[in-house]
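One structure is given here, and the rest of the page talks about it.
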Amino acid sequence: MSEAKNPWWHTATIYQVYPRSFSDSNGDGIGDLPGIIHRLDYLADLGVSAIWLSPIFKSPMDDNGYDISDYREVAPEFGTLADFDHLVAEAKARGIGIILDLVVNHSSDEHPWFLDACTGRDSRYRDFYIWRDAAPGGGVPNDIPSIFGGSAWSFHESTGQYYFHQFTRRQPDLNWENPELRAQVYEMMNWWLDRGIAGFRMDVIDLIGKEPDRGITAEGPYLHRYLQEMHDKTYGGRDVLTVGEAWSATPSSALLYSGRDRNELSMVFQFEHVTQAWDPEHGKWRPRDFDLVALKKVLGKWQLALADDGWNSLFWGNHDLPRAVSKYGDISGYHTESAKMLATVLHLLKGTPYVYQGEEIGMTNVPFTTIEQYKDVETLNMHRLHLEAGLSPDDFIAGANANGRDNARTPMQWTDAEHAGFTTGIPWIEVNPNFRHINVDASLSDSSSILNHYRALIQLRKQHPVIVYGRYQSYLDQDPQFFIYTRTLGDQRLLVIANFSAKEGTLELPEELHLAGQCISYNYRPFERLGATLQLKPYEAFAVLGAKR
Ligand code: NOJ
């Protein structure tokens, strides 16, 4: 984005809070805004610069708030607008900004716009949504599938047309071709910006320029025009962070969103490193072994593509993805070591790191055994569809345990007390049984905890411009065990070496990497002088800052 050359979010680390599962202040089993306020000192101590809040708005919660029925009201289970203003003020007092989740590809079917649109074809709000007649001969207008299973078209009896929804039928897509809809969205964004927020995370923003009649859902022809208009009418000129969720982004389209002279977004979340690990046919529901060579290739490609223009977001997890240490690490033998290794590798790349709640204490996937324990609408829909298609219940649970969204949504583990200190009531979803040993309290009292490793990495980014701006170069790309890269700025060079395996390993270091320097991060022991051969322990990772040779 063009406004400032070195914006604050270049050195920032962002923390994602999933409000429903973070901290419950009133014992109803659901996390809330006062609960977040209560935990701000913890987040300030961790060193994060901003908190991205998953949606807090009024919603029937069919998709846990990604289905908004009033864009200017806080959901009663989360609190009130006064609580929100209090959160912004208290966070600001600790140097933390609040980033809201902007969900404007679709609304809830309980939004007054949609309710009105359903009253008749002549409703003032009819065109805020996408309606089509049945195909000639009857049936859905075309075969676009919903991302959550089934068709993207649902029939509305009383007005005799189909409406378009890329997610559940309770999340009708908004029609961005309508200028009045766009104006209302911009007005709403300004209303929140005026309350002092630090930016927006934009839900599936690559989908707003859809043209369903041509089968186009992602990156439609007017997408970038809409984003430029949004920028000009809302946050352009304000010192905020904007990050668009864009599953379809490629390195070249990422430059369209986040390029210096584009006036669109600060950065996008791209997911190539996530989807490269999915099964080509069954997607995330059939887990595959994780392949380091493929992962390095994707991460490196994005580092190089956005080296001079645009900006990367860096993340292992979020509320839709499995827990990082379960996915890429080893939770049975090397939980602490592998969680620290993953953090080291990610946080020393170029871009803005995002920490998903609980990642900093090494929270893991949840071992649910029955479908009744799952709450996520996507998992429940897919369960029905996959079983109808012949998958066994056990195979489905195995897939959901590996990649389902509820892995990230079990309550934050604060203490070893009942319900992990998340609530005094009954949590809306079960707590991961490992809370007795994986929790914040235990992490705070252990100087070598994963939490303290994250805290140190977040500080390093603030201290060393080479971490923020250094040029990326990778080594031994075909090696299936080690991830090695350097970051170079001026005459400084940071070397990062990680063993992505539970096996010890011998690393023959290329000669140009034989350097001496200060070991600024490690998970076993500091290396200061690197010779030709290194013996690395399981999941060992370290970073040495030295002079360029
Ligand atoms: C992406 C969000 O991250 C996810 O949680 C949600 O279900 C869909 N968008 C629909 O809003």
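The chain is numbered in sequence order, starting from 1. Ligands are counted one by one from 1 in listed order, and the atoms in each one are counted from 1 as well. Only a predicted model underlies this, so the values are computations on that prediction, with no experimental measurement involved.
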So if I count the atoms of ligand 1 from 1 in the order they appear, which ones are less than 4.0 Å from some heavy atom of [X]?
| X | answer |
| --- | --- |
| R409 | 5 (O) |
| R405 | 4 (C), 5 (O), 6 (C), 7 (O) |
| D320 | 1 (C), 2 (C), 3 (O), 4 (C), 5 (O) |
| H106 | 10 (C), 11 (O) |
| E245 | 1 (C), 3 (O), 9 (N) |

Inset, instruction - Mark yes when over 12 heavy atoms from residues, nucleotides or ligands other than K58 sit less than 6.0 Å from its NZ; otherwise mark no. - result: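 Check fails, neighbour count at 12 or below.
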
For ligand 1, note which part of [X] has a heavy atom under 4.0 Å away: side chain, backbone, both or neither.
| X | answer |
| --- | --- |
| F148 | side chain |
| M202 | neither |
| E378 | neither |
| Q166 | neither |

Inset, instruction - Around atom 11 (O) of ligand 1, find the nearest protein heavy atom and jot down its residue, atom name and distance. - result: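 Of every protein heavy atom, D203 OD2, 2.7 Å lies nearest to atom 11 (O) of ligand 1.
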
Inset, instruction - Looking only at protein heavy atoms, identify the closest one to atom 8 (C) of ligand 1 and say how far it is in Å. - result: F167 CE2, 3.8 Å

Legend entry - Distance in Å, Y374 OH paired with R409 CZ, rounded so as to fall on 0.5 Å steps: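 Separation between the atoms: 12.5 Å.
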
Inset, instruction - First locate atom CE of M267, then atom CG of N312, and finally report the distance between them rounded to the nearest 0.5 Å. - result: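 Result: 9.5 Å between the selected atoms.
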
Legend entry - Name of the residue among F269, W9, F315 meeting ring-ring contact (aromatic ring centres under 6.0 Å, His included) with W52: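 So the option named by the test is F269.
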
Legend entry - Passing candidate, ring-ring contact (aromatic ring centres under 6.0 Å, His included) with F164, options W153, F128, W176, W131: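 Filter result, single survivor: W153.
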
Inset, instruction - Check each of V104, N318, D63, I68 against atom 7 (O) of ligand 1 and report the one with the nearest heavy atom. - result: D63

Inset, instruction - Compare every heavy atom of N175 with every heavy atom of Y129, then report the nearest pair and how far apart it is. - result: O-CB, 3.6 Å

Inset, instruction - May I ask you to check whether F271 and W278 place their ring centers less than 6.0 Å from one another? - result: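 No; W278 has its ring centre 6.0 Å or more from that of F271.
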
Inset, instruction - Could you tell me whether Y257 and W311 have their ring centroids closer than 6.0 angstrom? - result: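 They do not qualify: ring centres at least 6.0 Å apart.
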
